[in-house]
Amino acid sequence: MDFLSTVKGSLLEDFYPKGWDMAKIDACCDMGVKREDFWNKDFQPIECDNINDFDTFMGHEIAMQIKLAKDEGKKLAMILPVGPMGMYKWAVYFLTNWKVKCDHVYTFNMDEWADSEGKTLPSDNPASFEYSMKQAFFNPLGEYTIPESQRNFATFENLPTYPEKIKKLKDEGAKLVLVFGIGRMCHIAFWEPQFAEDYANVEEWKSACYRIGAKLHPLTIEQNALTSFKSRTTLVPCRANTIGPGLFLQADYIIGGADGTLGRGMGWQGMSFLTTLHYGPDMNITSTFMPTLPGKLFYLKELAGPLVAECN
């Protein structure tokens, strides 16, 4: 007996997105990390032995992109996540030690908790992504920080301005760097896989730049309950404002992170990570487009498998 034979007639029958091929996803879980023909020639997964290496390597990559743009005298646009987070302290460490002033950097936070109307948490609420970014990245940079006027957060008012602002920067020669994590449901930002049902084809899906008050998948809510709210599901908002593929697929370079292990052999991100690498680009599984872009995806080595049953 296996999962696929027991789904029919169960509560899970309508739980996963209609476009998911569960047998294909399951096959991805046995493939480890090997190159696929559809990967961008400059896409590279980087194995990390532990979370300390992961945070350091990813932070160094962020800092290096900022330094390279500075050295070249160019503006840099960065789409930033709140999760993973440990890399920001290392980005701060490198930038401040290199004495790189970030006045050439323009940041766009990819998402923010919201209600159905798109109203977000106050910026001084510790659960808000704006608050988290200030505490983890902007404030510790001190005199080297990104100017406040060049920081963008995904509020109801500001998120719709992202496309025009990013286009203007790119027209001026700026490089667009996407920093991201992979969600349990293989989302990028909070662009959930079930959103694909709202689009006639992949071209229409790719043109969507953002959503206001987007409804999150239950597994996304539970993922965040575990990783950000100490298991307290009742505190996790069920909606968010988020960028879409019309923005994140414009990236000239990507810096991804997969650190979803929980210790004692437990983890939540192995299937999502391996599906991202091997499934092939499909609008029903958002993260599958990431390997088609140039850049690096840092991951904890145990996420590569084997993903097998084990009691813990």
Side-chain angles (χ1 to χ4, degrees), residues 38-46 54 57-69 74-88 91 102 104-112 129 133 136-137 146 150-154 159 161-171 173-183 186-193 195 205-211 240-259 269 272-273 276-277 281 283 285-299:
F38 63 84
W39 288 10
N40 186 288
K41 65 180 180 63
D42 294 320
F43 171 77
Q44 183 182 9
I46 304 291
F54 174 91
F57 296 167
M58 198 169 175
H60 180 269
E61 191 70 19
I62 292 170
M64 183 57 69
Q65 288 298 313
I66 292 173
K67 183 179 186 299
L68 286 172
K74 295 181 178 179
K75 293 180 179 179
L76 179 67
M78 303 190 81
I79 296 174
L80 299 177
V82 175
M85 287 293 284
M87 72 278 191
Y88 287 126
C102 298
H104 63 302
V105 179
Y106 296 75
T107 61
F108 298 83
N109 261 74
M110 58 173 47
D111 45 25
E112 182 60 270
F129 294 166
M133 287 301 302
F137 191 42
I146 294 108
Q150 294 169 200
R151 307 173 192 171
N152 289 275
F153 299 100
L159 180 57
T161 72
Y162 279 24
E164 183 179 350
K165 288 177 178 178
I166 289 174
K167 181 181 184 303
K168 182 176 184 294
L169 286 165
K170 294 196 78 170
D171 287 346
K175 183 178 185 179
L176 177 61
V177 173
L178 168 69
V179 185
F180 68 94
I182 301 168
C186 294
H187 64 220
I188 299 299
F190 274 132
W191 196 265
E192 300 281 43
F195 296 169
W205 179 86
K206 283 183 174 181
S207 70
C209 289
Y210 61 87
R211 281 198 177 203
N241 297 337
T242 181
I243 64 167
L247 294 182
F248 60 71
L249 292 183
Q250 288 189 46
D252 300 301
Y253 190 81
I254 65 172
I255 303 171
D259 63 345
Q269 205 174 23
S272 308
F273 169 65
T276 297
L277 293 183
M283 68 178 182
I285 306 181
T286 314
S287 63
T288 56
F289 283 87
M290 293 300 99
T292 69
L293 300 171
K296 296 176 182 176
L297 174 55
F298 298 89
Y299 69 95

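Numbers for residues simply follow the sequence, beginning at 1.
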**OP:** Indicate yes or no: at least one non-hydrogen side-chain atom of Ile255 is less than 4.5 angstrom from one of Leu178.
**Re:** no

Original post:
Is the shortest heavy-atom distance from the side chain of Phe190 to the side chain of Met110 under 4.5 Å?
Top reply: no

**OP:** State, with a plain yes or no, whether a side-chain heavy atom of Pro45 is found less than 4.5 Å away from one of Tyr299.
**Re:** yes

Subject >> Separation between CG of Leu247 and CD1 of Ile79, rounded to the nearest 0.5 Å >> reply: 5.5 Å

Original post:
Could you give the distance from NZ (Lys296) to CD (Gln65), rounded to the nearest 0.5 Å?
Top reply: 8.0 Å

Subject >> Considering all heavy atoms, the nearest Leu76-Ala69 contact >> reply: CB-CB, 3.9 Å

**OP:** Tell me whether the guanidinium CZ or amine NZ of Arg211 lies under 6.0 angstrom from the six-membered ring centre of Phe195 and within 45° of its axis.
**Re:** yes

Subject >> Side chains of His104 and Lys74 in contact at under 4.5 Å (non-hydrogen atoms) >> reply: no

Original post:
Would you call Val179 and Met87 a side-chain contact if the rule is heavy atoms closer than 4.5 Å?
Top reply: yes

Original post:
Say you draw a straight line from CE of Met290 to CD1 of Ile188; how long is it, rounded to the nearest 0.5 Å?
Top reply: 5.0 Å

Subject >> Stepwise side-chain contact (heavy atoms from CB on, under 4.5 Å) check, Leu293 with Asp42 >> reply: CA-CA 8 Å; Leu293 300 171; Asp42 294 320; over 6 Å; no

Original post:
What are the two closest heavy atoms between Trp205 and Pro245, and how far apart are they?
Top reply: O-CG, 3.0 Å

Original post:
Are the side chain of Gln269 and the backbone N or O of Ile182 linked by a donor-acceptor pair below 3.5 Å?
Top reply: yes

Subject >> Atom of Thr242, atom of Ala189 and distance for their closest heavy-atom approach >> reply: OG1-CB, 3.2 Å

Subject >> Interatomic spacing from CD1 in Ile66 to CD in Glu61 - rounded to 0.5 Å >> reply: 11.0 Å

**OP:** Answer yes or no: is there a side-chain heavy-atom contact under 4.5 Å between Lys75 and Tyr106?
**Re:** yes

Subject >> Val82 vs Asn109, side-chain contact (heavy atoms from CB on, under 4.5 Å): CA-CA, chis, key distance, verdict >> reply: CA-CA 8 Å; Val82 175; Asn109 261 74; 3.7 Å; yes

Original post:
Ala91 and Phe137: which non-hydrogen atoms are nearest, and at how many Å?
Top reply: CB-CE1, 4.0 Å

Subject >> Residue among Tyr162, Phe153, Phe129, Tyr210 satisfying ring pair (Phe, Tyr, Trp, His ring centres under 6.0 Å) with Phe108 >> reply: Tyr162

**OP:** Answer yes or no: is there a side-chain heavy-atom contact under 4.5 Å between Phe273 and Leu297?
**Re:** yes

Original post:
Between NZ of Lys165 and CG of Asn152, what distance do you get to the nearest 0.5 Å?
Top reply: 4.0 Å

Original post:
If you measure from NZ on Lys167 to CG on Leu169, what distance do you get to the nearest 0.5 Å?
Top reply: 11.0 Å

Subject >> Thr286/Glu192 under side-chain contact (heavy atoms from CB on, under 4.5 Å): CA gap, chis, key distance, verdict >> reply: CA-CA 7 Å; Thr286 314; Glu192 300 281 43; over 6 Å; no

**OP:** Flag the pair His187 / Ser287 as yes when at least one side-chain heavy-atom distance between them is below 4.5 Å, and no otherwise.
**Re:** no

Original post:
Hey, mind stepping through Cys209 and Ile243 against side-chain contact (heavy atoms from CB on, under 4.5 Å) and telling me if it holds?
Top reply: CA-CA 6 Å; Cys209 289; Ile243 64 167; over 6 Å; no

**OP:** Specify whether Phe57 and Phe298 have parallel, tilted or perpendicular ring planes, treating 30° as the upper limit for parallel and 60° as the lower limit for perpendicular.
**Re:** tilted

Original post:
Cationic tip of Lys175 within the cone over Tyr253's six-membered ring, i.e. under 6.0 Å and within 45° of the normal?
Top reply: yes

